[in-house]
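Working notes for the structure below.
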Amino acid sequence: MTIILACVAGLLALALLAAVIGASERGRPIVYGGSLALCATILVLAVSMQSEASLVLPLGLPWLGAHLRLDALARVFLALVDLGGAGACLYAIGYGRHEAAPLRVLPFVPAFLAGMNLVVLAADAYTFLFAWELMSLASWALVVSDHRSAEAVRAGFVYLVMATFSALMLLLAFGMLAAPHGSYAFAQMRGGGPGAWRAGLVLALALVGAGSKAGLVPLHAWLPLAHPAAPSHVSALMSGVMTKVAVYAFIRIAFDLLGVSSWWSAVVVLALGGLTAVLGVLYALMQHDLKRLLAYHTVENIGIIFIGLGLAMAFRANGFAAGAALALTAALFHVFNHMLFKSLLFFGAGAVLTATGERDMEHLGGLIHRMRLSSVAFLIGCAAISALPPLNGFVSEWLTFQAILLRPDLPQWGLKVMIPADGALLALAAALAAACFVKVFGVSFLGRPRTSAAARAVEVDRWSLVAMLGFAALCLLAGIFPGVMIDALAPAVQQLVGGRLPVQSGLPWLSVVPIADSRSSYDGLVVLGFIIVSASLAAVAVHELASRAVRRSRAWDCGYPGLGPTTQYTAASYSQPIRRVFGTIVFRSHETVEMPPPGDLAPARITKTMHDLAWEVFYAPTAAAVGRVAEYLNRFQFLTIRRYLGFVFIALVTLLLALTIWQ
Amino acid sequence: MILSLAAQGTQMLLVLLLAPLLTGYVRKLKARLLRRRGPPLLQPYIDLRRLLRKEAIVADSASWLFRVIPYVVFAVSWVAAALVPTFATGLLFSWSGDLIVIIALLGAARFLLALAAMDVGTSFGGIGSSREMMIASLAEPAMIMVVFTIALIAGSTQLSSVAAHMLVTGVGLRVSLALALVGFMIVALAENARIPVDNPATHLELTMVHEAMVLEYSGRHLAMIDLAAELKLLLYASLIACIFVPFGLVLGAAGPQTYAVGIAAYVGKLAVAGTMLGVLETVIAKMRVFRVPNFLGIALMLGLLGTLLLFVSRTL
């Protein structure tokens with residue numbers, strides 16, 4: 001524990017050091033290398049530690065001190081934060097070379113990492129919120145690191161507003177939790193046992209506070225603005241890791257501090273999760289900016305995680321520990337998986353940005369020929385996020401499906417309807433995600449280059465490649481040895497819901513059996529083995545027994561070859577069928593085609609309009625209302641001194657009167 | 001042990017050998033229904049052999065992915081088809097994947113094929129890939145909901161357990177199962193690019209989906225992809241046979257004679273499924289592409305309805 005804290009302090013010290021040496025050429029490897037070493041140390045300690053540890057430091061509020069505690073749940077998330085952090089730092093050693101203004105990035109990355117570590121370690125509300133704000137502010141500074149672009153500045157503003165909002169909601173949630181006895185330490189809150197309506201309110205505040213940081217619809221609007229604006233390794237940290245810290249905050253409050261919650265709160269979480277999953281992927285499908293698409297896709301995965309959490313809450317409310325354990329394991333597994341592949345994909349997007357200077361997919365194409373290793377890593381990431389076996393994304397979705405099928409006989413009608421509906425939404429989101437990532441990989445990496453920038457792309461540096469291939473390997477490993485992960489998550493699950501999945505490590509052939517043999521089992525290793533063996537068998541047999549001749553030629557293209565690269569399907573045309581099927585409802589999208597009259601040589605025009613309903617219904621009116629109120633209050637700024645004195649007098653009298661009546 | 005290994009091996013070879021025959025049978029039947037003579041029953045085998053012997057013509061702009069994907073797609077389809085109990089349950093490796101895994105494996109094959117279509121960089125590849133993923137984005141959730149219905153009735157997603165449950169406990173006629181069957185059939189038509197969703201015989205460019213995706217393939221690569229498509233058709237027929245009409249399935253370990261009876265029953269069921277498909281394809285017309293979402297939406301709703309009914313009542 002002390003070593004972990006020393007490492008976190010080291011990260012903070014590194015942040016200060018970076019402010020001094022960041023401008024020099026040596027600064028970058030020192031800062032990122034140092035952060036990498038510190039993150040790796042914490043990771044090793046978090047994974048190897050078996051027992052709980054806690055510590056009270058004489059910092060912060062004088063009567064409270066800073067409580068820090070490392071229990072099973074914190075250990076899981078600490079490992080997650082530092083694995084993601086280590087990967088991002090490794091990647092950044094190479095990637096950061098292209099930074100225009102290193103001083104705007106270098107000091108904040110270690111501070112951001114330290115903030116996320118501290119959130120997970122905190123065991124009292126004050127330390128927690130302090131670390132939460134450190135995390136938010138450091139990441140805000142990173143979002144606006146490119147301060148000349150108007151887009152980044154706007155993203156930074158929206159992010160700052162939403163971060164403040166989320167911290168305020170969490171502050172209120174902790175206040176409600178602490179109210180009965182006035183103690184901000186988690187240990188006292190846990191014993192509190194607040195009443196039903198108070199627990200519901202705390203849960204709602206936690207859902208809004210943590211959910212807005214994680215990107216739950218409709219609180220997601222800042223996320224696709226802010227995440228892509230930062231440098232790519234920071235985007236990876238924000239999307240892959242910071243959203244998970246927000247999930248941690250929700251789990252800590254809803255599962256640990258509040259205890260068993262009522263079933264209708266599970267219905268709310270399930271509804272929000274399902275909605276988030278489908279809307280997130282539909283938004284993603286409509287994008288053609290690579291990094292923004294990935295950010296929207298984070299929203300989808302947060303939805304999947306919250307579906308798992310909602311199921312766990314539903315089962316726990318009904319006293320069904322085994323089911324809650326399965327659902328929570330699925331959610332935590334997906335948390336881990338999403339950290340891996342979303343970081344990997346953002347690394348890949350950064351590699352594309354380095355190689356071509358482009359984020360717009362419509363300007364890419366054919367990168368697989370010029371960035372061979374990067375494209376392999378990116379392809380694995382795409383397949384993993386599309387939940388294809390035998391990669392890791394599939395396992396967690398499979399576990400979620402198993403949890404949905406587990407108990408159709410729950411007594412509450414709300415759950416009876418919500419759980420199968422969420423099953424359908426989850427299946428829809430998974431299928432749309434596959435379409436989305438065929439589009440991403442097909443348009444940017446396959447086909448022919450659409451611009452000269454894409455045609456001139458070169459492979460990125462070794463550090464970035466090692467980080468990407470390493471994460472791709474982890475995606476594969478977590479997919480074929482899921483039993484190891486499930487067992488590693490078991491202590492945290494046990495701590496939260498009082499049950500766990502059967503031990504997986506002793507099963508034959510390393511298969512996964514979440515409930516019972518006769519019910520369901522999956523073995524990624526055997527499936528992968530069969531696929532590899534039969535594919536190689538087929539290839540060898542065909543090459544040996546039949547023909548191995550290859551002729552290179554122009555593309556056939558139905559007998560009309562020789563068309564230029566602009567005739568390829570673009571990102572917009574790829575998603576057009578899906579836009580027509582789903583977008584007319586979700587985005588109220590509309591297409592008008594203007595055909596010139598026959599004989600006229602003017603070009604035909606197609607105009608498409610789309611509405612972001614979350615923004616138009618939710619944010620724009622709120623912002624307008626705040627603006628109006630501010631306008632109104634503005635008048636009070638230019639009054640004479642007599643009127644101010646009058647206000648003071650009236651306020652004083654009113655307060656005294658109120659006090660008298662109160663007494 | 002030896003016998004179960006042999007049964008597993010027989011199953012893998014059986015699906016591989018029968019798959020072109022089923023396609024050939026459907027083609028022949030359709031031709032006879034239209035009063036044409038039609039190609040011989042064994043034509044798919046002849047086609048495969050001819051394609052395998054030809055040289056493969058690969059476009060200049062194709063990457064390594066283009067040449068690897070046919071083999072992987074074939075392997076994935078083969079493994080998925082081998083996981084479905086055809087003539088016996090409880091084969092040696094049947095526990096390595098359940099029904100959801102099979103659906104996801106087919107999803108992986110489709111993902112790769114859609115990528116291969118984008119690889120050469122032609123507009124036909126793009127149109128096929130884009131439409132295929134649009135269709136899949138509705139067909140796959142519909143299939144998962146059908147699977148949910150079946151799994152809730154049988155209390156398992158493991159196909160061996162499902163088949164045993166259907167066979168031994170005698171589920172009887174149930175509303176949810178009927179909904180699932182209709183949904184399943186709609187999905188099967190869409191997934192196999194059959195009429196009314198897609199036309200396997202078309203070469204009119206604007207109506208193609210699956211054929212547009214594989215337009216650039218030739219020679220042995222095309223043979224692999226054709227074989228994979230035939231395996232997929234067989235897989236769906238076997239799935240329907242295994243879940244809805246599991247009669248004749250051998251439960252657990254048995255002797256060679258029992259297995260022979262099981263195989264005969266399986267071939268009979270395939271013939272029935274092929275006949276139904278042939279008749280259906282002859283009597284209805286292909287839909288416009290943007291009608292397909294409505295058609296698949298029906299399947300999704302049926303699956304969801306079946307699942308909801310089972311959440312509400314155990315006996316429906």
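What you see is a predicted model; the values in this text were computed from it and never measured. Sequence lines set the chain letters: A, B, ... in the order given, protein chains first and strands last, and positions in each chain run from 1.
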Practice prompt. Heavy atoms only: give me the nearest B:V101-A:P389 pair and the separation to one decimal.
Written response: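 Nearest pair, atom of B:V101 first, then A:P389: O-CG, 4.5 Å.
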
What part of [X] gets closer than 4.5 Å to chain A, counting heavy atoms only: side chain, backbone, both or neither?
X	value
B:M12	side chain
B:W78	side chain
B:F66	neither
B:S218	neither
B:V79	side chain
B:L310	backbone
B:I144	side chain
B:F111	both
B:A62	both
B:A151	side chain

- Centres of the B:F148 and A:F401 rings: under 6.0 Å?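 Ring-ring flag for B:F148/A:F401: true, centres closer than 6.0 Å.
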
Can you list every side-chain hydrogen bond (donor to acceptor under 3.5 Å, both in side chains) pair that touches residues 98-118 of chain B, not counting sequence neighbours?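 Counting only pairs at least two positions apart or across chains, the side-chain hydrogen bond (donor to acceptor under 3.5 Å, both in side chains) contacts touching residues 98-118 of chain B are A:W398-B:D98, A:Q402-B:D98, B:D98-B:T157, B:R110-B:E140, B:R110-B:E191.
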
Tell me, with the steps shown, if A:Y569 and B:S130 meet side chain to side chain donor-acceptor pair (under 3.5 Å). CA-CA 9 Å; A:Y569 252 48; B:S130 155; 5.0 Å; no

**Message:** Between A:V542 and B:M224, is there a side-chain heavy-atom distance shorter than 4.5 Å?
**Reply:**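 Heavy-atom side-chain distance check passes, below 4.5 Å.
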
